[in-house]
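For this chain, numbers begin at 1 and follow the sequence in order. Just so it is clear, the model here is predicted, and its values are computed rather than measured.
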Amino acid sequence: MKRRFQTAFFVLVTVLLLTACGKVSETEEAISRIGEVTMESGQRIAYAEELYNALPAAKQTRVDNAGILRAARQKYDDLCGMVEEAIGAIDAIGQVTADSGPRIQAARTACASAEEAGLGSYITNKSTLRKAEESYGAILLQQAQELLDGRNYQQAYELFGKLRQEYPGSSVASAAEQGQAEALICTAEQMFNSGDLEGAVSVLDTIDKHFGSSERTQSLTEKLEKRLSSQRPTTGRKFKDGVGWGYGQFTVSAGSTDAYVKLENIADPTKYTLFYVRAGEQATINVKDGSYRVKYACGKYWFGQDRMFGEKTAFTMAEDTMDFSTTREGSYIYYSDVSITLYAVLGGDLETTEIDPEDF
């Protein structure tokens, strides 16, 4: 009788041990089935946790992949947190007003983080964000238009530009693009009327580059060119005659743009002559004997002696010096006759280099 009892006890212990080992293995297998953690992993994680938590503390230490379970839970909670944060940020927008910008931006940021993690489909109220963005964009468009109507062209241009960046490819962006072009045209017209012709030319260049021309810009361009033409110097006009008269002759032929030419005495750079040559024309001046350096500025529109051709002025210097001398033989006078062209010609040998404005 005693032996049968001992045998039964041994069998019971063995069964319990095998059952415990089976539970540990079952838990490890459940953890292994979790795989890559996604938003669909919740049930598998919960089942593995249920098995793990049912084990005695002593047996939990025997679960080799318990760390994977803890990491899976953390990642799953993080994913859920990102989705919940995005949904909550969208709900926090509430009624859209002119002050909704920060809340909409916060919702955008939260959604972007969730979408980057592949969770965009779990954000159930994204349509609410889109509607809020449209409403807010309409409010900002109205503000920009009011700035435009109030002749605050720079502020209007900047606000329209912000809308184009924040709502690419939308109707808001399209309206903002038109608004930006209108702000620039108004700015150019304002500059023209105030006499800032260089500024008007610069703005028109920006319009043409980024928005294309229109009847309105073409009309303003014609007015600009007419006014600029009226103040354009004639060929041969001297702005300064510091070289002194001589028998030597110096002829300059301009290319496709006007030129503002400087003939500078090498021995004394404070002595120089400045004269103008229109595009396609040539000018000849008399030069006193000596060695000279030639510099010239070129451009499309002349804005005066201080600004020359504006920001787009190209400054150039001839690398070779121009030497002038005069000799007499009896009743004959022999003098130097130097000609240069400010454009490439076949067989030409005038070497030039670009210079900085301060070196002109």
Side-chain angles (χ1 to χ4, degrees), residues 197-198 201 224-360:
L197 304 187
E198 183 183 351
V201 167
L224 260 173
E225 291 181 340
K226 184 176 181 180
R227 185 178 294 184
L228 287 167
S229 179
S230 68
Q231 65 184 40
R232 183 186 179 200
T234 56
T235 293
R237 176 185 168 183
K238 290 183 179 179
F239 290 84
K240 179 179 176 65
D241 190 2
V243 168
W245 189 91
Y247 284 101
Q249 292 194 329
F250 178 49
T251 301
V252 177
S253 298
S256 60
T257 58
D258 289 9
Y260 182 55
V261 184
K262 182 178 186 180
L263 187 66
E264 181 181 274
N265 190 301
I266 293 177
D268 185 359
T270 62
K271 296 179 179 179
Y272 56 87
T273 293
L274 291 166
F275 61 99
Y276 199 89
V277 188
R278 288 188 175 187
E281 298 180 5
Q282 67 177 34
T284 300
I285 63 171
N286 289 91
V287 181
K288 187 177 180 179
D289 289 355
S291 294
Y292 298 89
R293 182 180 292 108
V294 177
K295 302 175 183 178
Y296 55 94
C298 291
K300 184 177 182 181
Y301 298 116
W302 178 255
F303 299 110
Q305 197 172 359
D306 292 335
R307 293 293 300 159
M308 289 180 270
F309 301 100
E311 293 181 355
K312 294 186 177 181
T313 303
F315 296 92
T316 308
M317 181 179 71
E319 294 183 359
D320 296 332
T321 60
M322 306 295 160
D323 299 316
F324 294 85
S325 61
T326 303
T327 58
R328 295 175 181 270
E329 293 184 10
S331 59
Y332 294 98
I333 300 176
Y334 298 93
Y335 55 86
S336 300
D337 187 351
V338 179
S339 297
I340 65 171
T341 61
L342 305 185
Y343 53 92
V345 295
L346 185 63
D349 59 359
L350 181 66
E351 299 291 336
T352 61
T353 183
E354 294 182 2
I355 58 174
D356 294 327
E358 57 268 21
D359 295 326
F360 180 72

What I'd like to find out is whether the side chain of [X] reaches to under 4.5 Å of the side chain of [Y], using heavy atoms alone.
X	Y	answer
Leu350	Thr341	no
Lys312	Val201	no
Tyr292	Thr273	no

Exercise. Applying side-chain hydrogen bond (donor to acceptor under 3.5 Å, both in side chains), which residue pairs with at least one partner in residues 248-259 are found, sequence neighbours left out?
Worked result: Arg232-Asp258, Thr251-Thr284, Ser253-Gln282, Asp258-Tyr276

Seminar exercise, completed: residues 325-335 vs side-chain hydrogen bond (donor to acceptor under 3.5 Å, both in side chains), sequence neighbours excluded, gives Asp289-Thr326

Between [X] (side chain) and [Y] (backbone), is there a donor-acceptor pair under 3.5 Å?
X	Y	result
Asn265	Asp268	yes
Thr235	Arg278	yes
Ser291	Ile266	no

Could you give the distance from [atom1] ([X]) to [atom2] ([Y]), rounded to the nearest 0.5 Å?
X	Y	atom1	atom2	result
Tyr247	Lys288	OH	NZ	13.5 Å
Leu197	Arg227	CG	CZ	5.5 Å
Ile355	Tyr296	CD1	OH	9.5 Å
Glu319	Thr352	CD	OG1	7.0 Å
Thr353	Phe315	OG1	CZ	14.0 Å

To check you understand the geometry: which heavy-atom pair defines the closest contact between [X] and [Y], and what is its length?
X	Y	value
Ile285	Lys238	CG2-CE, 3.7 Å
Phe324	Ser336	CA-OG, 3.5 Å
Val277	Ala283	CG2-CB, 3.9 Å
Glu198	Glu311	OE2-N, 3.3 Å
Val243	Leu263	CG2-O, 3.6 Å

Side-chain donor-acceptor distances from residues 297-305 under 3.5 Å, at least two apart:
from: Tyr301; atom 1: OH; to: Glu225; atom 2: OE2; distance (Å): 2.8
from: Gln305; atom 1: NE2; to: Tyr260; atom 2: OH; distance (Å): 3.1

Problem set entry | Full working for side-chain contact (heavy atoms from CB on, under 4.5 Å) between Ile340 and Phe250 | CA-CA 8 Å; Ile340 65 171; Phe250 178 49; 3.8 Å; yes

Exercise. Is the NZ or CZ atom of Lys240 both under 6.0 Å from the centre of the six-membered ring of Tyr272 and within 45° of that ring's axis?
Worked result: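 Yes.
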
